[in-house]
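Comments concern the structure below.
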Protein chains: 2
Amino acid sequence: MSNNDKSVVSRLRKLISEGAYAPGERLGEVAVAEQLGVSRTPVRLAFRTLEQEGLLQQAGKRGFMVREFTQADVHCAVEVRGVLEGLAARHLAEQGLPPDVDKELSFWIQKGKKLIAKGYLVESDINQWSELNAHFHGIIIHSIGSGVVADAIARNNHLPFAAADSIIIDSDDLEREFKKLQLAQFHHELIFQSLKRGEGARAEMLMREHALIGLRYPELLADSE
Amino acid sequence: MSNNDKSVVSRLRKLISEGAYAPGERLGEVAVAEQLGVSRTPVRLAFRTLEQEGLLQQAGKRGFMVREFTQADVHCAVEVRGVLEGLAARHLAEQGLPPDVDKELSFWIQKGKKLIAKGYLVESDINQWSELNAHFHGIIIHSIGSGVVADAIARNNHLPFAAADSIIIDSDDLEREFKKLQLAQFHHELIFQSLKRGEGARAEMLMREHALIGLRYPELLADSE
DNA sequence: ATTATGGTTATTGGATCCAAAGTAAAGGCT
DNA sequence: AGCCTTTACTTTGGATCCAATAACCATAAT
């Protein structure tokens, strides 16, 4: 669990989600160890972690292989994030929005408003959106007294395409992405409104719908052109 | 990931959830290794797995400690299971209940009906209930094409008190437990009904409510005496 | 007296070694 | 010629060894 161990986990995680290994490919301990320039021990430790994260799965009786993700898997992972973040949002609405959380959320909402206000997107806006989006979601998730929900979401986010900030896929077509982000920002504002008013059910449903933005919205946004 | 490794994980998991170690207690690798009669290697591997499962957490810069669970954690874990199983139930209802799943669910429903029909509980009924309950929930969870939801639930179930079959707490007061199981059985039947009729939203909400049976129902059942 | 610094000790992390299990290949037998 | 068996090799799993580092303690200085 020291520097190296953690770095092996994250380096492998990156390699896998970048597609450096083919889905279903068997990962040999020695091969990976040599590739990363470490001994087998940290690799073996990392394999266990990545297995739990769902990126690897056991290959028969021996060793691990890269897990393959179907379209259904991606879809389910997004929905799982939706119901979990929805749960968090409902809790927050029901328990009442504490003043400091209110203030923080408001801050990031304003940032998003400014980003969208100018009516178009430039390349550098994407990182800014990622940041504010992560903060907005993070605040809601961590506002619950228990870390259990946040943990479940974090584990789910290890699956490729499941994380909240994987909305941006196509940085070539900035015009369509702008429409998507405009909608996402409006979702954020609606969620914020429902949180402030203590509307638990509405906050939950909005959050669940918000999760689908990368999944179900592209086709509609394409048509509306 | 061989016999021994897996057994170390499950033995440790059992020890932890049984409370063999105090919450917050630091677990030394050598101590645990000696206790289980293995070398440090499988213990180190197991620690990584158990960390991901949420039973252990890092203790400062070095090693691991037993994670402490607050009442809020338990509550959240149950709710997480509720929304995830609710998601699974809704999916199943929306996609339509396949004949074989219908048949299987019906079988376990009948088993439950018989168990409850005699009007009281005996000690041996508890195991039977555990079995049919596990099957009922398992079938619904695994009916989705993707394993992502099932995985998320499985991970959540590693947390103590979160699993669906941890309903039975008090095997002394079999009379109260009977009332609880009677309700649980009725929940199962309602869920089954809604699944068959394709009532997605109803199936989801019933499943979410069903998850709370171990949490919120005891006080009411006590009053009703 | 309290704090800081240095040293010692205990424990973890990484590498290597050995054994066990599995797989593949080759040869023999039917 | 095909299949089964046996053997050899590959790869993982477990144990041990060595190094690095964090924690603890003691002593000294302010």
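Reminder, nothing fancy here: chain letters follow the sequence lines and each chain counts from 1. When reading the values below, keep in mind they use all heavy atoms of this one structure, side chains included, and skip hydrogens, waters and symmetry mates. All values reported here derive from a predicted model rather than from experimental measurement.
A/R44 places its CZ atom 15 Å from the P atom of D/dT11, with the value rounded to the nearest Å. For the pair B/M65 CE and D/dA23 P, the computed distance is 14 Å after rounding to whole Å. Atoms CD (A/E51) and C1' (D/dG13) sit 15 Å apart, rounded to a whole Å. D/dG14 atom C1' lies 17 Å from atom CZ of A/F47, rounded to whole Å. Going from atom CD of B/E29 over to atom P of D/dT16 covers 15 Å, rounded to whole Å. Rounded to a whole Å, the NZ atom of A/K61 is 18 Å from the C1' atom of D/dT10. C/dT16 atom P lies 11 Å from atom CD of A/E34, rounded to whole Å. Straight-line distance from the CZ atom of A/R62 to the C1' atom of D/dC9: 11 Å, rounded to whole Å.
Among residues at least two apart or in separate chains, side chain to side chain donor-acceptor pair (under 3.5 Å) pairs with a member in residues 15-25 of chain B are B/K14-B/E18, B/Y21-B/Q35.
In the set C/dT16, D/dG13, D/dA22, C/dT16 carries the atom at the smallest distance from any side-chain atom of A/S39.
Partners of B/P23 according to the side-chain contact (heavy atoms from CB on, under 4.5 Å) rule, which considers only residues two or more places apart in sequence or in another chain, are B/E68.
Under 3.5 Å, the side chain of B/R40 and the base of C/dG13 form at least one donor-acceptor pair of N or O atoms.
A/E53 pairs with exactly one of A/R48, A/R155, A/R67, A/R13 by the side-chain hydrogen bond (donor to acceptor under 3.5 Å, both in side chains) rule, that one being A/R13. None of A/L50, A/V43, A/L55 except one satisfies the side chain to side chain contact (heavy atoms under 4.5 Å, CB included) rule with A/V9; the exception is A/L50.
The 5' end of DNA chain C is approached more closely, in terms of each residue's nearest nucleotide, by B/L27 than by the other of B/L27 and B/T41.
Backbone-only engagement by A/G28 is indicated by non-hydrogen atom pairs under 4.0 Å involving sugar-phosphate atoms exclusively.
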